[in-house]
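The structure appears below as structure tokens.
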2 protein chains.
Amino acid sequence: MATLSDVARRAGVSPATASRVINGSSKPVTDELRERVLAAVAELQYVPNAHAQLLARSHRSAVGVIVHDVSDPYFAEITRGLQRVATDQGRLLMICNSYRDPDRELEYVELLRGHQVAALILAGSGYHDEAFTRQLNEKLAAYGATGGRVAVIGRHEHSGDAVMPDNRTGGYLAGRELCELGHGAIGVVAGPRILTTTTDRLAGLRQALAEQGRDLPERRIRYAEFDRDGGAEATARLLDADPELTAIVALNDSMAIGALATLRARSLAVPRWVSVIGFDDMPIARDVTPALTTVRLPLVDMGVRAMSLVLGAEALSPRVEVLPAELIRRDTTGPAARATTGSAPRARRADTAS
Amino acid sequence: MATLSDVARRAGVSPATASRVINGSSKPVTDELRERVLAAVAELQYVPNAHAQLLARSHRSAVGVIVHDVSDPYFAEITRGLQRVATDQGRLLMICNSYRDPDRELEYVELLRGHQVAALILAGSGYHDEAFTRQLNEKLAAYGATGGRVAVIGRHEHSGDAVMPDNRTGGYLAGRELCELGHGAIGVVAGPRILTTTTDRLAGLRQALAEQGRDLPERRIRYAEFDRDGGAEATARLLDADPELTAIVALNDSMAIGALATLRARSLAVPRWVSVIGFDDMPIARDVTPALTTVRLPLVDMGVRAMSLVLGAEALSPRVEVLPAELIRRDTTGPAARATTGSAPRARRADTAS
DNA sequence: TACCGCAGTGAAAGCCCTTTCCCGCAGGGA
DNA sequence: TCCCTGCGGGAAAGGGCTTTCACTGCGGTA
């Protein structure tokens, strides 16, 4: 690899001058030398060593991001928002997938700190795990103490800046909607119970039922992975235990899609026999059939806000921005089925009747 | 930020010794000093400066990846394959989204070269654009000349190692299937015509029709963005121009989902009135309703192969691995509708009849 | 004429690590 | 007793870049 001094030698100038030309420094350089340097750069196919540059500049410019998985639509949308702001400000993003592994999360904080990122954004659910939470907070505090900025998205265990989707109200909206549609037996397809996202959404749901003087017994909840297969499997278990269910709340859209798959496999028409509500409103939600009723979260905006917090002026006290959830009514919800026969039909092709 | 010499000073040892302890060097260090160093590291919350490390070690270990968009399921799957191999070998991946912008692609090659990556993988379609292709090849050659390894996925304009999905055969399979089902008027919802992926898939399709003594006129093809909205829009244009269409081939699954949306909006039952075939078999394909018939590409495997090529022994001549396409029959295809009334029905709820 | 200021350039001091090279010392063989 | 070996540790030389600082001319002012 050609180095800066190779370029300088070839152009017959000092490395200092070459550096100035290449980086468009404010220091003036005569046109002749500039030409010679640029020619040498082209001839040698010179590309500056980024590590050396980053080392030499004290300037820290990149921003580190830790998410569950960028290819999960929930995080893809958030990341889109993060990127938008970062790109506008000429920042590079380093994105790490933790796959919801707390240890990996901790490791990535160190890794990113080692890479001298100017700021750190953690997106995703928090954990009901005191030891881990404390460790993470210590690491973040240590990072903050050296001038690093930190923001979290959707996790309240952190003491600094945060952007919070209103998961609780979202759960409430889903619950109220189903109550209003007359559903009595409501099952919940939930994510891992260790995640605060799961418990927050559940709490909202419980509240809605409580307002009707009803409760949500544990036997009507099944916990599984927060993805399509988890949703499919949890729905199957739920139906096995309680065939009278007339509605299912899935705690995210991926799980809802899994739920629809299971319902279809069992020929339980949606929404005729069973209503389904998802959560998040990821883009695919409108394209499944029937189109998914869901609770929308402003995902892109959450990313935008978080990045703005972290790149903007530092506040004296931690800022928490709560972003609202909104119910999007589509075609997977309807009035509770009349308890006529007392059990869902076995018909094979009933799945999309209205 | 604490530095290595801070740690060394605090532990009362030289930076050399501290470095050896921290990196688990093979040089022996007495337990006492080791303890002191580790204690200092913990107290100072020391994290090595990654840039300084990377600069000091000549060792290049990271691998650069350029894709269209990691959150696009096609690339998400490929990336999963890349990750798997990279992680096994303790390599870090630097993933860049080019969003199919040739200039950005060129920039990222430089960026990654500057970051001293050990290898470079470009995934996605090539372009019918001689000037760009030449430029890219020059840059890659320059990189290769300094010891960098390069592999491409799904682009044949490159002279080095390559993993190629068999797009042409895939197109052929889709075409043959529709011919066998008796479809006469076949429309194509295609990606941008500048992409080789588009033209390769089209070529296979043409070949299948040619074997039946038929051709694929340009008026039966609509080019649009390779995503859901592109597919929806292209399908609308196609149907406007040619209401007699009985089948649509979408050149990727995202477009197919868009096509299904448009067909649903127009109350054209699938597959009763119109059959649809997608391409890629991304995970969501089985979850839309009706489940999408599509041409499967071994996406994860493509990633695995490419990473293996690039991290394995260097070959004397460039290797090209062609991975097969496979038709997956699901529920969006069926026999061509009898030309009874001569036009599709207006019924509103016919969309999932079989 | 002496001096000041400034544009343009280069020398060199970092930035923070890793790793080679070298040194002191203790133990073992002759 | 002397020498060789090998272990444990430190000094210092990079690794490639940026940036400060010092220097050289030059035009302009007093």
Side-chain angles (χ1 to χ4, degrees), chain A residues 1-38 40-41 44-62 110-118 146-147, chain B residues 1-38 40-41 44-62 110-118 146-147:
Chain A
M1 285 282 286
T3 71
L4 183 66
S5 42
D6 294 335
V7 171
R9 201 173 315 120
R10 177 150 194 145
V13 301
S14 73
T17 301
S19 171
R20 291 197 263 259
V21 171
I22 291 170
N23 297 296
S25 144
S26 61
K27 265 225 152 173
V29 175
T30 49
D31 286 346
E32 197 212 322
L33 293 197
R34 158 165 289 112
E35 292 295 311
R36 298 216 309 257
V37 170
L38 292 178
V41 165
L44 296 174
Q45 303 249 35
Y46 171 72
V47 178
N49 182 318
H51 301 305
Q53 280 188 316
L54 261 7
L55 183 57
R57 302 200 237 265
S58 46
H59 209 71
R60 26 199 80 179
S61 139
E110 303 255 289
L111 181 92
L112 291 170
R113 193 146 87 89
H115 276 269
Q116 314 298 111
V117 292
T146 63
Chain B
M1 285 278 288
T3 71
L4 183 66
S5 45
D6 294 336
V7 172
R9 199 172 318 119
R10 179 153 195 141
V13 301
S14 71
T17 300
S19 171
R20 291 196 263 261
V21 170
I22 291 169
N23 297 294
S25 145
S26 60
K27 256 217 153 177
V29 175
T30 50
D31 285 346
E32 198 213 325
L33 293 198
R34 156 163 290 111
E35 292 297 311
R36 297 217 308 257
V37 170
L38 293 178
V41 165
L44 296 175
Q45 303 250 37
Y46 170 71
V47 178
N49 181 318
H51 300 304
Q53 280 187 315
L54 259 7
L55 183 57
R57 300 198 239 264
S58 45
H59 210 70
R60 26 198 81 180
S61 138
E110 304 256 287
L111 181 91
L112 290 170
R113 193 146 86 89
H115 276 269
Q116 313 299 107
V117 294
T146 62

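Below, read A as the first sequence line, B as the second, and so on, with proteins coming before strands; counting in each chain starts at 1.
- Nucleotide dG8(C) holds its C1' atom 9 Å from the CG atom of Leu33(A), rounded to whole Å.
- Here Asn49(B) contributes atom CG and Met1(B) contributes atom CE; the two are 7.0 Å apart, rounded to the nearest 0.5 Å.
- Within the 4.0 Å cut-off from OP1 or OP2 of dT9(C), not a single side-chain nitrogen or oxygen of Thr17(A) is found.
- Residues Val21(B) and Leu38(B) are in side-chain contact: their nearest non-hydrogen atoms beyond the backbone lie under 4.5 Å apart.
- In this structure, Leu55(B) places its CG atom 10 Å from C1' of dT18(C), rounding to the nearest Å.
- Rounded to a whole Å, the CG atom of Asp6(A) is 9 Å from the P atom of dG16(D).
- The interatomic distance linking Arg34(A) (CZ) with dA7(C) (C1') rounds to 14 Å, in whole Å.
- For the pair Asn23(A) and Thr30(B), both in contact range of DNA chain D, the more 5′-proximal nearest nucleotide belongs to Thr30(B).
- In terms of position on DNA chain C, the residue among Val29(A) and Ala56(A) whose nearest nucleotide sits closer to the 5' end is Val29(A).
- Taking 4.0 angstrom as the limit, Thr3(A) places none of its side-chain polar atoms (N or O) nearer than this to OP1 or OP2 of dG16(D).
- OP1 or OP2 of dT18(D) has at least one side-chain nitrogen or oxygen of Gln53(A) nearer than 4.0 Å.
- Whole-Å rounding puts the Arg57(B) CZ to dT20(C) P distance at 13 Å.
- The distance between atom CG of Leu4(A) and atom C1' of dA11(C), rounded to the nearest whole Å, is 14 Å.
- Lys27(A) places its NZ atom 8 Å from the C1' atom of dA7(C), with the value rounded to the nearest Å.
- The side chain of Tyr46(B) places an N or O atom within less than 4.0 Å of a non-bridging phosphate oxygen (OP1 or OP2) of dC17(C).
- Note: Gln116(B) CD to Arg57(B) CZ = 14.0 Å, rounded to the nearest 0.5 Å.
- Between the side chain of Ser14(B) and the backbone N or O of Thr17(B), at least one donor-acceptor pair lies under 3.5 Å.
- Counting distance only, with no hydrogens placed and no angle test, the side-chain atoms of Arg20(A) and the base atoms of dG8(C) include no donor-acceptor pair under 3.5 Å.
- Here the C1' atom of nucleotide dG16(D) and the NE2 atom of His51(A) are 11 Å apart, to the nearest Å.
- Within the 4.0 Å cut-off from OP1 or OP2 of dT18(C), at least one side-chain nitrogen or oxygen of Ser19(B) is found.
- Residues Thr146(A) and Gln45(B) form no side-chain contact, since every pair of their non-hydrogen atoms from C-beta on lies 4.5 Å or further apart.
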